[in-house]
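What you are looking at is a predicted structure, and each value in this text was computed from that prediction instead of being measured. Note that the numbering runs from 1 along the sequence shown for the chain. One-based numbering, in listed order, for ligands and for the atoms of each. The basis for the numbers below is simple: all heavy atoms, side chains too, and nothing from hydrogens, waters or symmetry mates.
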Amino acid sequence: APPNFSGTWNMVSNENFERYMQSLDIDIFTRNLAKFVKPQKVIEQDGDNFVIRTLSNIRNYRVQFTLGREFDEDLKGLDNRKCKSVVTCDNGRLVCVQKGEKKNRGWIHWLDGDHLHLELRCEDQVCRQVYRRVQEAC
Ligand code: VLZ
């Protein structure tokens, strides 16, 4: 069974995002806005079913999937491509493969204490992001 990724997570670091965006052909205007953005991830998980929201002042993105089931992903608002995507769980890591126009595209999430890690990959670029859990009010 996968670990529980549910929660709200705020970005604390973002490495090589510029070159990752370049590999997706994101225009320079959007890149120059996006590089200042510290998105929040809101993850809802019920067993193998996930909704991941990436929230920011400039763009929001939502993806919904069930582990092991390929789905049509429409990356509207990001690079506007479409992919055949599938997410599996491998040793506690969520591994997404995004089949489409871009080679070697996908991402990996894993947990480390109250940190959520994300590696975003496209062609020869890897972007490494770390998020910290936002404490719920009691
Ligand atoms: O997150 O794939 O949590 O969807 C950024 C492109 C790509 C630039 C971000 C657009 C991809 C500008 C986020 C504005 C934000 C992503 C997955 C894993 C779930």
Side-chain angles (χ1 to χ4, degrees):
N4 187 12
F5 289 82
S6 292
T8 301
W9 308 84
N10 284 346
M11 178 181 272
V12 292
S13 65
N14 191 3
E15 217 178 272
N16 205 40
F17 189 47
E18 170 69 13
R19 305 227 308 163
Y20 172 75
M21 288 190 290
Q22 280 180 22
S23 72
L24 288 171
D25 311 304
I26 307 283
D27 65 88
I28 188 161
F29 178 81
T30 305
R31 294 204 312 271
N32 283 339
L33 291 176
K35 70 183 173 194
F36 294 113
V37 157
K38 287 193 184 294
Q40 189 173 63
K41 294 277 179 193
V42 178
I43 303 180
E44 290 170 50
Q45 179 182 355
D46 178 11
D48 287 357
N49 302 310
F50 290 77
V51 177
I52 302 181
R53 289 187 177 80
T54 305
L55 306 175
S56 78
N57 290 333
I58 59 166
R59 298 285 160 76
N60 295 323
Y61 183 71
R62 177 188 187 276
V63 66
Q64 178 167 14
F65 56 86
T66 299
L67 293 182
R69 289 215 194 137
E70 190 177 73
F71 62 100
D72 294 306
E73 185 172 13
D74 184 350
L75 291 118
K76 199 180 303 209
L78 299 181
D79 66 320
N80 298 313
R81 289 189 176 83
K82 292 182 179 176
C83 291
K84 294 274 184 201
S85 301
V86 65
V87 185
T88 54
C89 186
D90 176 31
N91 278 307
R93 291 148 51 110
L94 286 186
V95 180
C96 179
V97 175
Q98 294 169 312
K99 244 190 312 170
E101 186 187 340
K102 290 290 179 179
K103 298 298 165 208
N104 191 35
R105 181 172 186 174
W107 51 259
I108 303 177
H109 266 302
W110 69 96
L111 297 170
D112 173 23
D114 61 346
H115 288 110
L116 172 72
H117 292 258
L118 173 60
E119 259 184 31
L120 295 158
R121 181 164 52 65
C122 181
E123 295 178 330
D124 58 344
Q125 296 302 320
V126 180
C127 168
R128 292 185 172 82
Q129 302 183 342
V130 181
Y131 294 78
R132 184 181 296 125
R133 188 185 283 283
V134 177
Q135 295 305 123
E136 312 273 322
C138 55

Measure the shortest side-chain to side-chain distance between Leu67 and Val87 over non-hydrogen atoms and say whether it is less than 4.5 angstrom.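 A side-chain contact exists here, since the closest heavy-atom pair is under 4.5 Å.
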Hey, does Asn104 have a side-chain heavy atom less than 4.5 Å from the side chain of Glu123? no
What is the nearest protein non-hydrogen atom to [atom], stated with its residue, atom name and distance?
atom                    : result
atom 7 (C) of ligand 1  : Tyr20 CE2, 3.9 Å
atom 11 (C) of ligand 1 : Leu78 CD1, 4.0 Å
atom 8 (C) of ligand 1  : Met21 SD, 3.8 Å
atom 12 (C) of ligand 1 : Ala34 CB, 3.9 Å

Return yes if some donor-acceptor pair links the side-chain N/O of Arg81 with the main-chain N/O of Leu24 below 3.5 Å, else return no. yes
Which bit of Phe17 is near ligand 1, meaning a heavy atom under 4.0 Å away: side chain, backbone, both or neither?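 Side chain only.
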Under a 3.5 Å cutoff, is there a donor and acceptor pairing between the side chains of Glu73 and Gln98? yes
Test item: side-chain donor near acceptor, Asn60 and Arg53, under 3.5 Å: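 Not at all, the side chains of Asn60 and Arg53 share no donor-acceptor pair under 3.5 Å.
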Need the ligand 1 atom indices (1-based, order shown) with element for anything under 4.0 Å from a heavy-atom of [X].
X      : answer
Ile52  : 3 (O)
His109 : 3 (O), 18 (C)
Leu120 : 2 (O), 16 (C)
Tyr61  : 4 (O)

Just going by heavy-atom distances, which of [options] is nearest to [atom]?
atom                    : options                     : answer
atom 13 (C) of ligand 1 : Lys41, Lys35, Gln129        : Lys41
atom 19 (C) of ligand 1 : Ile43, Val63, Asp79         : Val63
atom 14 (C) of ligand 1 : Arg62, Arg59, Glu119, Arg53 : Arg59

Using the side-chain contact (heavy atoms from CB on, under 4.5 Å) rule, take Thr8 and Arg133 through it: C-alpha gap first, then chi angles, then the decisive distance, then the call. CA-CA 6 Å; Thr8 301; Arg133 188 185 283 283; over 6 Å; no
Would you please determine whether Arg31 falls within less than 4.0 Å of ligand 1 on a heavy-atom basis?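 Under 4.0 Å: no for Arg31.
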Give a yes or no on whether a salt bridge exists between Asp25 and Lys102, defined as a side-chain N under 4.0 angstrom from a carboxylate O. yes
Could you check whether the rings of Trp107 and His109 sit parallel, tilted or perpendicular, using 30° and 60° as the cut-offs?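 Trp107 vs His109 ring planes: perpendicular.
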Look at the side-chain heavy atoms of Ile, Leu, Val, Met, Phe, Trp and Tyr, link any pair under 4.5 Å apart, and say whether Tyr131 and Val63 land in one connected group. yes
Does any N or O of ligand 1 fall below 3.5 Å from an N or O anywhere on Glu73, backbone included? no
